[in-house]
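Below is one structure; the comments refer to it alone.
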2 protein chains.
Amino acid sequence: MGSARSGTEEVAHTGTRKRDPEAVRADILAVAEAEFAANGLSGGRIDEIAAKTRTSKRMIYYYFGDKNGLYRAVLEEAYRKVRLEEAALRLDDLEPVEALCRLAAFTFEHHRRNESFIRMVMIENVHKGTFLDQSADIAAVNRPAIERVATLLDRGKAAGVFRQEIDALTLHWLISAVSYFNVSNRHTFGRIFGDRLWTEPGQARLGTECSEIVLRYVLTDVALSDCKWSSPGAMAPE
Amino acid sequence: MGSARSGTEEVAHTGTRKRDPEAVRADILAVAEAEFAANGLSGGRIDEIAAKTRTSKRMIYYYFGDKNGLYRAVLEEAYRKVRLEEAALRLDDLEPVEALCRLAAFTFEHHRRNESFIRMVMIENVHKGTFLDQSADIAAVNRPAIERVATLLDRGKAAGVFRQEIDALTLHWLISAVSYFNVSNRHTFGRIFGDRLWTEPGQARLGTECSEIVLRYVLTDVALSDCKWSSPGAMAPE
DNA sequence: ACCGATTTGTACCAGTCCGTACATTTGCTA
DNA sequence: TAGCAAATGTACGGACTGGTACAAATCGGT
């Protein structure tokens with residue numbers, strides 16, 4: 001949504017151009033993400049998106065062809081953004097235990113701050129992943145995440161601090177599960193059992209608990225006592 | 001869907017009655033659950049539900065007033081069913097470690113087998129829990145779940161096998177998170193990283209891993225080595 | 001066997017919302 | 001500056017779908 005504006009104001013490179021297709025596309029995508037994240041695919045209204053855009057409904061169909069096409073584009077964009085941020089983490093510089101702790105804390109915090117991404121994934125799962133099928137490259141965009149976990153895991157195993165039985169995919173699954181659930185289900189869970197876990201201190205505490213959960217799962221029994229997975233501060237690049 | 005049929009066929013108690021409001025209600029609810037779970041609230045079609053019911057659309061509005069009313073009724077019913085099954089677990093007879101292991105394994109398995117319940121919760125969360133607000137008793141139906149965890153936890157703490165710092169709500173949150181995520185996100189996760197975790201052996205393995213995750217989180221460091229959380233067989237009452 | 005209340009069927013309306021036909025402007029290139 | 005392609009605005013169509021008006025059948029009680 002930042003980039004959408006820039007192209008319109010400053011005319012720069014190509015001389016005077018009032019038209020800026022890229023900005024229009026980006027604008028539509030941003031508005032559409034908000035709308036779909038808020039109301040789902042069937043619930044999201046094209047007219048509503050058009051109204052909140054600086055352009056008309058016509059453009060949506062011009063660029064994305066279809067309601068489904070627009071939705072798919074939004075989904076792809078959301079994944080791309082997220083994995084891009086994740087790639088900024090430099091885990092190789094840290095020793096395994098600290099790196100894993102940082103990864104868990106980062107993911108937890110990241111998902112918290114990107115609710116609309118989580119909601120897009122929720123909605124996509126309601127639709128049984130049909131739209132992910134149709135965009136082949138999404139898998140390619142995401143797979144590096146597993147690689148990061150795998151190398152981290154290998155380093156820890158080699159150092160003797162991580163258990164040999166741990167599987168990279170399962171570990172990634174665990175980190176994703178807690179970080180995702182924390183955002184996706186806060187409404188039902190909070191409604192039923194109270195919001196205690198979703199106050200600010202509650203979330204801070206829960207975040208460190210998640211790191212603890214992950215580490216206790218992975219660590220060799222011996223090493224369980226001596227580790228300081230306590231500082232969750234400043235892990236997001238922003 | 002089993003109970004819906006019974007009232008219609010066997011006429012039993014009240015003499016000959018062709019009319020069976022309760023059966024009609026139950027029939028509608030069962031069909032509606034399938035429809036909503038499959039397509040969401042906005043995506044679910046009242047006409048579709050009516051068509052698959054033995055009665056007409058008129059009845060839906062007669063009994064539930066509204067599309068939203070129907071949805072709310074389905075949601076309430078889903079929660080009620082689930083918590084009823086959960087109550088069948090008798091954890092007090094087991095020693096703490098085994099009881100916790102059983103609880104985790106049961107929840108994991110239970111959520112797996114009740115996909116449409118999970119999907120209803122997913123959808124409710126997409127709607128930010130608005131419908132849970134309107135039905136006051138749902139919270140009351142669910143809260144006992146926490147009580148069970150709390151007493152189990154206390155017993156373990158007293159016995160010295162569980163860490164004192166563990167919070168009941170957080171523990172329940174963890175068990176829910178992994179069990180829920182396993183069902184809710186299998187499509188996106190599987191699409192991106194492969195279905196390995198969702199083959200039959202993969203799921204069996206993942207289930208025991210979840211028990212291990214939970215136990216390692218809770219157990220006193222000392223006790224970490226000696227426990228046999230290995231038998232996941234026969235924990236569902238069915 | 002009659003009567004009011006409950007329960008059910010049919011046909012239909014009215015609003016919403018996706019998508020498009022048609023017309024127009026802008027920009028680039030020759 | 002002519003001309004073509006890319007980009008955009010407006011108005012509208014038409015199907016879908018939630019909800020209802022109207023009517024009728026059924027049932028329990030007396």
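In the text below, chain A, chain B and the rest are named by the order of the sequence lines, each starting its count at 1. As the structure is a computational prediction, the values presented were derived from the model and not from experiment.
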- Return the value, rounded to whole Å, for the distance between atom CE of A:Met59 and atom P of C:dT20. 14 Å
- Query: Atom OH of A:Tyr71 to atom C1' of C:dC18: distance rounded to whole Å?
  - Reply: 18 Å
- Task: Among A:Lys81, A:Arg80, A:Arg148, find the one that has a salt bridge (charged side-chain N to carboxylate O under 4.0 Å, His left out) with A:Glu86.
- Result: A:Arg148
- Task: Flag the pair B:Tyr71 / B:Phe36 as yes when their ring centroid distance falls below 6.0 Å, and as no otherwise.
- Result: yes
- Have a look at B:Arg58 and say if it touches a base, only the backbone sugar-phosphate, or nothing, with a 4.0 Å heavy-atom cut-off. base
- Query: Can you tell me how far P of D:dT8 sits from CZ of A:Arg25, to the nearest Å?
  - Reply: 12 Å
- Task: State, yes or no, whether a side-chain contact exists between A:Met120 and A:Tyr79 at a heavy-atom distance under 4.5 Å.
- Result: no
- Query: Does the side chain of B:Ile46 come within less than 4.5 Å of B:Lys57's, by heavy atoms?
  - Reply: yes
- Task: Please list, by residue number, the residues of residues 63-70 of chain A whose heavy atoms come closer than 4.0 Å to an atom of DNA chain C; answer none if no residue qualifies.
- Result: A:Asp66, A:Lys67
- Message: Using a 3.5 Å distance criterion without hydrogens, assess whether the side chain of A:Lys67 forms a donor-acceptor pair with backbone atoms of A:Leu41.
- Response: yes
- Sugar-phosphate only, base, or nothing, as touched by B:Gly43 at under 4.0 Å among non-hydrogen atoms: nothing
- Starting at atom CD of B:Glu48, determine the distance to atom P of D:dG18, rounded to an integer number of angstrom. 10 Å
- Note on the structure: Rounded to whole Å, CD1 of B:Ile46 lies from P of D:dT20 at a distance of 11 Å
- Starting at atom CG of B:Asp27, determine the distance to atom P of C:dT7, rounded to an integer number of angstrom. 16 Å
- Message: Let's test your reading of the model: under 3.5 Å, does the base of C:dG19 pair with the side chain of A:Lys57 as donor and acceptor?
- Response: yes
- Query: Among A:Arg112, A:His111, A:Gln203, which one satisfies side chain to side chain donor-acceptor pair (under 3.5 Å) with A:Asn182?
  - Reply: A:Gln203
- Do the side-chain N or O atoms of B:Arg45 get closer than 4.0 angstrom to the phosphate oxygens (OP1, OP2) of D:dC16? no
- Message: Within the 3.5 Å criterion, strictly below it, is a donor on B:Asp27 or B:Thr53 matched to an acceptor on the partner's side chain?
- Response: no
- Using whole Å, report how far OH of A:Tyr62 lies from P of C:dG19. 18 Å
- Query: What nucleotide, of C:dC17, C:dT20, C:dT8, holds the atom closest to the side chain of A:Asp47?
  - Reply: C:dC17
- Is any side-chain N or O of B:Tyr61 closer than 4.0 Å to OP1 or OP2 of D:dG19? yes
